[in-house]
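The chains referred to below are lettered A, B, ... by the order of the sequence lines, with proteins before strands, and numbering in each begins at 1. Note that the coordinates shown come from a computational prediction; the quantities given were computed from them, not determined experimentally.
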There are 2 protein chains.
Amino acid sequence: MKARRTNSRDKILAAAADVARETGPGSLSLDAVASRAGVSKGGLLYNFPTKAKLMQALVEDYLRAFEQALDAARTAGVGGESPLATYIKLSAEHAAESKPSASWIFSAIAEDPDFLTPIKAFRRQVFERLKGETPDLKALLVCYLAIEGLRSMNLFDSDVLSQDERRLLVSSLLEIAG
Amino acid sequence: MKARRTNSRDKILAAAADVARETGPGSLSLDAVASRAGVSKGGLLYNFPTKAKLMQALVEDYLRAFEQALDAARTAGVGGESPLATYIKLSAEHAAESKPSASWIFSAIAEDPDFLTPIKAFRRQVFERLKGETPDLKALLVCYLAIEGLRSMNLFDSDVLSQDERRLLVSSLLEIAG
DNA sequence: CTTACTGTACCGTCTGGACGGTCTTGTCAA
DNA sequence: TTGACAAGACCGTCCAGACGGTACAGTAAG
């Protein structure tokens with residue numbers, strides 16, 4: 001891992017996520033991202049030689065961040081807490097953030113559906129891992145899918161649930177997870 | 001409701017859904033839809049004077065179809081089956097279709113996120129209705145969210161679950177629903 | 001004569017990307 | 001210490017192509 005000498009790269013990625021969230025996934029143009037990041041278009045293209053590379057970086061950063069958070073929560077987990085429980089807690093916290101943290105995904109899909117493949121692979125891997133660690137398959141299925149539903153609602157910004165309901169849901173899931 | 005004299009409208013809508021699914025949501029251009037529907041671009045714009053109207057029709061048709069299916073399943077439901085149970089069954093069947101039936105949604109979002117508002121409203125309405133009909137709030141939350149998760153996986157075409165697992169999930173949910 | 005198109009030509013706009021130039025920073029010989 | 005110089009980071013402009021949408025003449029059916 002080379003030492004970063006500038007933070008332009010990160011600024012650009014953050015700007016891209018912001019633009020996607022605020023002006024809609026279809027309006028994620030290089031110009032918009034560049035101006036939002038306080039960088040010229042040339043500078044943007046210097047960091048990410050093509051739009052596809054920008055999207056790819058967005059995906060990779062997102063996945064890496066989640067993976068690190070999951071690992072951290074696992075090792076820091078209170079003794080006796082099941083992996084499924086930590087997964088539920090972490091995902092619920094993540095989904096409780098007011099900003100739909102990943103609405104840039106829509107931009108990526110619109111650009112090229114293949115950007116989903118790493119995400120799919122990651123999910124499958126996480127799921128398989130949980131499957132190996134959870135004795136009760138039924139509980140795993142219900143909890144995993146419910147969390148996926150929570151993620152989906154956050155992504156589509158359709159918060160049907162009240163805060164109380166969300167809390168009740170999470171506690172129910174933790175109960176099911178045992 | 002005027003009697004339809006032509007089926008061009010439906011052909012076009014189906015073609016739009018196909019194009020969105022096959023060539024990616026970002027490639028949903030009027031030209032592509034027209035040629036896929038076997039209709040000239042002029043003819044397409046004759047039926048849907050603007051792209052936004054086409055998207056709107058896509059959304060409305062989808063919502064109407066689901067609502068009708070839900071009503072039908074409710075009235076035809078076996079006596080004693082709870083509304084939540086019918087909702088689970090119908091949605092599970094719907095999500096079991098091989099084609100992601102609504103990947104055009106991504107196109108709509110990319111075009112203008114406001115196309116989501118009718119969908120959000122519809123979901124909220126369905127949820128509120130279920131809430132009034134289901135005594136056990138915890139069960140409702142878990143089941144509704146899990147179904148939402150199933151829908152999401154189908155939409156993103158990431159089938160982490162095997163057929164057996166999906167069956168087990170649905171039966172578990174029905175058990176929870178009581 | 002109307003409806004429901006077809007087919008073609010065209011326009012204005014937007015977008016990704018290429019390109020050449022510019023400013024800054026680090027290196028190293030004298 | 002200083003000056004030369006190269007590499008890195010970025011700017012601003014320009015362009016070809018794609019897309020949504022318009023206009024309009026023609027046509028086949030009822």
**Prompt:** Which class fits the ring pair Tyr62(A) and Trp104(A): parallel under 30°, tilted 30 to 60°, perpendicular over 60°?
**Reply:** perpendicular
**Fill in**
In whole angstroms, the gap separating P of dC19(D) from NZ of Lys51(B) amounts to 9 Å
**Message:** Just to verify, what does Phe115(A) make a ring-ring contact (aromatic ring centres under 6.0 Å, His included) with, not counting sequence neighbours?
**Reply:** none
**Prompt:** For Asn47(B) and dA4(C), is the shortest distance between a side-chain N/O and OP1 or OP2 below 4.0 Å?
**Reply:** no
**Message:** Rounded to whole Å, please give me the gap between CZ in Arg9(B) and P in dT3(C).
**Reply:** 18 Å
**Message:** The criterion is side chain to side chain contact (heavy atoms under 4.5 Å, CB included); which residues satisfy it with Leu155(A), sequence neighbours excluded?
**Reply:** Ala102(A), Phe106(A), Phe156(B)
**Item:** Rounded interatomic separation in angstrom, taking NZ from Lys11(B) and P from dA4(C)
**Value:** 14 Å
**Position toward the 5' end of DNA chain C (nearest nucleotide), Gly26(A) or Pro49(A)** = Gly26(A)
**Item:** For Glu93(B), salt bridge (Lys or Arg N to Asp or Glu O under 4.0 Å) partners two or more places apart
**Value:** none
**Message:** Between Thr50(B) and dG21(D), is there a contact of a side-chain N or O with OP1 or OP2 at under 4.0 Å?
**Reply:** yes
**Prompt:** So what does Leu28(B) touch, heavy atoms closer than 4.0 Å: a base, only the sugar-phosphate, or nothing?
**Reply:** sugar-phosphate
**Message:** Applying salt bridge (Lys or Arg N to Asp or Glu O under 4.0 Å) as the test, list every pair that has at least one member in residues 103-118 of chain B; sequence neighbours left out.
**Reply:** Lys51(B)-Glu111(B)
**Request:** Please report, rounded to the nearest Å, how far the C1' atom of dC10(D) is from the CG atom of Asn7(A).
**Result:** 13 Å
**Prompt:** What residues form a side chain to side chain donor-acceptor pair (under 3.5 Å) with Gln125(B), not counting sequence neighbours?
**Reply:** none
**Item:** Spacing between Leu54(B) atom CG and dG20(D) atom P, to the nearest angstrom
**Value:** 10 Å
**Request:** Residues of residues 29-46 of chain B with any non-hydrogen atom less than 4.0 angstrom from an atom of DNA chain D: list those, numerically ordered, please.
**Result:** Ser29(B), Leu30(B), Lys41(B), Leu45(B)
